[in-house]
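Single-structure report; data block below.
We're numbering straight along the sequence, starting at 1.
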Amino acid sequence: MLPYLGVVLFGIAALLGIFNRKASYLMLTASSIVFAATQFVYGNYLSYYSIIAGIVWVFAGIYSLSYGEKYGRWLASLMSLTVLGMSIILVSNNYPALIAGWEIMSVPSYAIVALNRSQKGPAFTFMTFSEFSTVLIIAGAVSSFVASGNSSFGFIHLATFVPLLLISFGALIKMGMSPFMISEWLPIAHGNAPANASAVFSATMTLMGVFLITRMIFLSAAGPALVYIGILFLIIGSISILFASIYAYISENMKMLGGFSTIENQAAILAAFGLYLVSGNSILREFELVTIIIFALSHAVSKTGLFLSIGSTRGEYFGEARAPEDRWMRVGTLLSTMSLSGLFPAIGGLAVWMLLESFFMQAYLGGYIGIIAIIVGSVIAISEGMATGAMMKILSFSALFRARKGHASRVETVTVFSVGATILVLFVISVLLVPAVFRGGIPSVLVFNGFTIESRFSAADFGLLSPDYVIALITVFSLAAYAVFRKPKTRTAEVWNSGRSVSSEYTSFAYANNIRLMLRRVLRTRMGNDNQPVSVIDVFWFAMNSLGRGYRRMCMIATRKFMNSSIAWYMVYMIVAFMAVIILAVALY
């Protein structure tokens with residue numbers, strides 16, 4: 001009964017929201033602590049996802065005590081219901097419970113997006129892709145049932161790769177990477193929800209996809225098919241991370257920028273899954289699992305801080321942002337963006353270092369997998385540079401240099417700062433987050449044992465990182481620089497607007513316009529008269545819409561020209577469809 005205590009409390013929080021919003025948010029916060037505490041099992045990687053999700057829900061619940069007041073009573077109940085669905089996914093031990101949790105998570109989320117906007121588009125887009133995701137997961141569950149000899153819907157070990165493939169693609173849709181590698185639906189949906197709900201969506205709804213892939217990989221027996229699935233994951237991950245980081249960089253909507261950043265992080269995790277599946281080295285595979293957990297933790301906490309800080313600007317576009325004047329809020333935002341940039345001393349810096357280290361290790365092993373690893377690792381490194389530019393853009397134009405100043409409540413300030421402090425603390429204690437086999441030290445140079453994270457092949461070290469020493473060195477050199485140079489002097493420079501007409505203000509649009517112009521063939525940059533306005537097209541979203549319209553047109557032609565009042569053509573259609581389903585079922589079986 002204890003593992004389900006948190007789930008029951010989330011249900012109570014949803015009911016409380018009908019009568020009292022603050023009581024509901026407080027209950028959500030307390031329930032998250034109980035849920036994380038009752039799910040944790042040391043050494044069980046799947047249980048770590050409950051800890052990660054619990055941290056996010058605690059911060060979202062506290063932040064909502066102030067931010068949620070301007071929304072109707074429905075938001076408290078719907079947020080708790082969404083969290084309830086995720087908790088069911090995390091505690092489920094069979095496919096029916098998993099699918100039920102998946103739907104309970106998705107339907108209230110749809111309502112949150114729909115009730116927040118007068119337009120139907122974002123909510124409809126969210127629900128469409130959510131249902132595609134559910135259909136694939138149901139298909140995977142049925143495939144597992146068939147593979148078990150029609151005896152069990154439980155999570156059993158499988159000799160076939162089909163359930164892994166189907167359910168992984170269902171999870172990838174939720175993570176924003178299919179179809180067409182990167183889908184604008186996630187930034188559209190997450191960007192049209194209140195900031196506290198956006199944090200829950202981007203940080204933990206995508207985490208459910210990572211959890212699901214991890215569970216299915218643990219259930220799948222090793223074999224050549226898994227290597228091909230791993231290569232597929234590497235291809236999707238590398239393409240998605242590159243384009244997501246570019247689209248994040250050029251986005252003028254702060255929430256959509258956060259959504260593209262989410263896809264970029266999920267793509268990095270997917271690439272880590274791919275490397276896990278293709279690697280034949282057991283130590284590297286273990287290191288890869290730890291990397292996935294650290295990356296998921298980093299993304300969830302940092303993205304929570306990013307969306308909560310965006311919510312405190314009271315705007316969605318950079319032009320609407322009002323930078324909160326509280327310095328602690330700015331510190332929290334700085335640490336969240338540093339982590340999402342993969343910079344030290346934030347937990348995100350460790351995550352990116354471990355990911356790149358893994359690819360370098362695999363490249364060192366050689367073979368064609370090594371060549372793939374060096375290519376994908378290089379793409380990830382380039383994308384992380386672009387992600388850093390995107391995060392510096394949101395930090396500069398929403399928190400630091402905005403002329404329009406705003407005010408954030410004390411609760412919001414404390415929450416955003418606490419998220420930033422958590423990111424820093426996680427980096428300090430990160431040596432405790434990795435198994436003992438990856439801890440070490442070099443006492444001869446005063447780096448004592450237990451203070452270093454080591455990537456390695458068997459007993460041989462490959463790379464080293466000492467988080468506490470990194471913080472100590474940054475602190476010492478920062479203080480020394482301040483003692484010598486004091487506070488830096490500022491100077492006014494002539495404005496250059498990256499190809500746009502010069503004005504008195506350097507804008508966020510001008511900040512990213514160089515990329516729009518340099519990558520015009522990739523982004524399909526369009527320019528009007530006098531080079532203004534400049535706009536880009538999401539080529540994946542454009543291709544998907546074009547295919548959808550083309551398919552609908554084909555169906556209309558077939559319906560009206562051939563099948564209309566013709567029983568013969570209708571029978572032909574039924575026979576062809578039936579045969580196609582039979583062939584597909586036999587192939588999958």
Report task. Please name the pair of heavy atoms, one in Ser109 and one in Met205, separated by the smallest distance, quoted to 0.1 Å. Result -> OG-CE, 3.1 Å
Query raised in the report: Does the side-chain hydrogen bond (donor to acceptor under 3.5 Å, both in side chains) test come out yes or no for Tyr317 and Ser508, once each step is laid out?
Result: CA-CA 10 Å; Tyr317 289 86; Ser508 59; over 6 Å; no
Query raised in the report: Looking only at side chains, do Ser245 and Glu264 share a donor and an acceptor under 3.5 Å apart?
Result: no
**Report entry** Test item: Ser144 side-chain N/O and Gly140 main-chain N/O as donor-acceptor pair under 3.5 Å
**Finding:** no
Requested in this report: Determine which pairs satisfy ring pair (Phe, Tyr, Trp, His ring centres under 6.0 Å) with at least one residue from residues 230-263, sequence neighbours left out, and list them in order.
Outcome: Phe243-Phe540, Tyr247-Phe260, Tyr249-Tyr511
Query raised in the report: Are Arg215 and Leu98 close enough that some pair of their side-chain heavy atoms sits under 4.5 Å apart?
Result: no
Query raised in the report: For Glu288 and Ser279, what are the C-alpha separation, side-chain angles and deciding distance, and is it a side-chain hydrogen bond (donor to acceptor under 3.5 Å, both in side chains)?
Result: CA-CA 10 Å; Glu288 205 57 44; Ser279 180; over 6 Å; no
Query - Pairwise side-chain contact, Lys174 with Leu186, heavy-atom cut-off 4.5 Å (strictly under) - result: no
Report task. Taking side chain to side chain donor-acceptor pair (under 3.5 Å) as the test, write out the residues that go with Ser261, two or more places apart. Result -> Lys303
Query - Geometric cation-pi criterion Arg516 and Phe509, 6.0 Å radius, 45° cone - result: yes
Query raised in the report: If you draw a 6.0 Å radius around CZ in Phe153, do more than 12 non-hydrogen atoms from other residues or ligands fall strictly inside?
Result: yes
Pairs of donor and acceptor atoms involving the side chains of residues 570-578, under 3.5 Å and at least two apart or interchain, shall be tabulated with distances.
none

Report summary line: Closest non-hydrogen atoms of Asn196 and Ala60, given as atom of the first, atom of the second and distance, are O-CB, 4.5 Å
Requested in this report: Please name the pair of heavy atoms, one in Ala193 and one in Val113, separated by the smallest distance, quoted to 0.1 Å.
Outcome: CB-CG2, 4.3 Å
Query raised in the report: Taking the six-membered ring of Phe318 as reference, does the NZ or CZ atom of Lys255 fall below 6.0 Å from its centre and within a 45° cone about the axis?
Result: no
Query raised in the report: For the side chain of Ser168 and the backbone of Leu165, is there at least one donor-acceptor N/O pair under 3.5 Å apart?
Result: no
Query raised in the report: Does the Ser240 side chain pair with the main chain of Ile236, one donor and one acceptor, at a distance under 3.5 Å?
Result: yes
Query - Separation of Ile213 CD1 from Phe169 CZ (nearest 0.5 Å) - result: 9.5 Å
Requested in this report: Report, as yes or no, whether the 6.0 Å neighbourhood of atom CZ on Phe218 holds more than 12 heavy atoms from other residues, nucleotides or ligands.
Outcome: yes
Report task. Answer whether the closest heavy-atom distance between the side chains of Tyr368 and Ile231 falls below 4.5 Å. Result -> yes
**Report entry** Exam field: side chain Tyr49 to backbone Leu207, donor-acceptor pair closer than 3.5 Å
**Finding:** no
Report task. Any chance you could lay out the side chain to side chain contact (heavy atoms under 4.5 Å, CB included) test for Leu136 and Ile173, step after step, and finish with the verdict? Result -> CA-CA 10 Å; Leu136 284 169; Ile173 291 178; 3.8 Å; yes
Requested in this report: For the pair Arg520 (side chain) and Leu517 (backbone), establish whether a donor and an acceptor sit closer than 3.5 Å, ignoring hydrogens and angles.
Outcome: yes
Query raised in the report: Rounded to the nearest 0.5 Å, how far apart are CG of Leu28 and CE of Met79?
Result: 5.5 Å
**Report entry** Whether Thr313 side chain and Ile310 backbone form a donor-acceptor pair below 3.5 Å
**Finding:** yes
Query raised in the report: Does some side-chain heavy atom of Tyr110 sit less than 4.5 Å from a side-chain heavy atom of Ser106?
Result: no
Requested in this report: Check whether any side-chain heavy atom of Ile263 sits under 4.5 Å from a side-chain heavy atom of Met175, and report yes or no.
Outcome: no
Query raised in the report: Taking only residues two or more places apart in sequence or in another chain, which ones pass ring-ring contact (aromatic ring centres under 6.0 Å, His included) with Phe155?
Result: Tyr95
Query - Residues in side chain to side chain donor-acceptor pair (under 3.5 Å) contact with Thr291, at least two apart in sequence or another chain - result: none
Requested in this report: Output yes when a side-chain donor or acceptor of Thr525 lies under 3.5 Å from a complementary backbone atom of Arg521, and no otherwise.
Outcome: no
**Report entry** Distance (rounded to the nearest 0.5 Å) between Leu355 CG and Ile292 CD1
**Finding:** 9.0 Å
Query raised in the report: Is the backbone of Ala195 close enough, under 3.5 Å, to the side chain of Tyr67 for a donor and an acceptor to pair up by distance?
Result: yes
Report task. Mark yes when over 12 heavy atoms from residues, nucleotides or ligands other than Phe132 sit less than 6.0 Å from its CZ; otherwise mark no. Result -> no
Report task. Decide yes or no for Ile229 and Leu164: does some side-chain heavy atom of the first lie under 4.5 Å from some side-chain heavy atom of the second? Result -> yes
Requested in this report: Walk me through it: do Val210 and Phe273 pass the test side chain to side chain contact (heavy atoms under 4.5 Å, CB included)?
Outcome: CA-CA 9 Å; Val210 179; Phe273 276 125; 3.9 Å; yes
Query - Separation between OG of Ser336 and CG of Leu340, rounded to the nearest 0.5 Å - result: 7.0 Å
Query - Gap separating the CG atom of Leu81 from the CD1 atom of Ile112, nearest 0.5 angstrom - result: 8.5 Å
**Report entry** Separation between CE of Met105 and OG1 of Thr134, rounded to the nearest 0.5 Å
**Finding:** 7.5 Å
Requested in this report: Using modelled atom types only, decide if a donor and an acceptor are shared between the side chain of Ser302 and the backbone of His299 within a distance under 3.5 Å.
Outcome: no
Query raised in the report: Mind checking whether Phe161 and Ser220 have side chains closer than 4.5 Å, heavy atoms only?
Result: no
Query - Ser312-Tyr63 side chain donor-acceptor pair, cut-off 3.5 Å - result: yes
Requested in this report: Would you sort out whether Met177 and Gln266 count as a side chain to side chain contact (heavy atoms under 4.5 Å, CB included), showing the intermediate values?
Outcome: CA-CA 8 Å; Met177 279 179 288; Gln266 300 304 310; 3.8 Å; yes
**Report entry** Non-hydrogen side-chain atoms of Val301 and Ser339 separated by less than 4.5 Å
**Finding:** no
Query raised in the report: Does the pair Phe129 and Ser133 meet the rule for a side chain to side chain contact (heavy atoms under 4.5 Å, CB included), with working shown?
Result: CA-CA 6 Å; Phe129 282 90; Ser133 169; over 6 Å; no
Report task. Please collect all side-chain hydrogen bond (donor to acceptor under 3.5 Å, both in side chains) contacts where either partner lies in residues 382-393, sequence neighbours excluded, each pair once. Result -> Glu252-Lys393
Query raised in the report: Hey, is CH2 on Trp74 packed in by over 12 heavy atoms from elsewhere, all under 6.0 Å?
Result: yes
Report task. Check whether any side-chain N or O of Ser298 sits under 3.5 Å from a backbone N or O of Ile294 as a donor-acceptor pair, and report yes or no. Result -> no
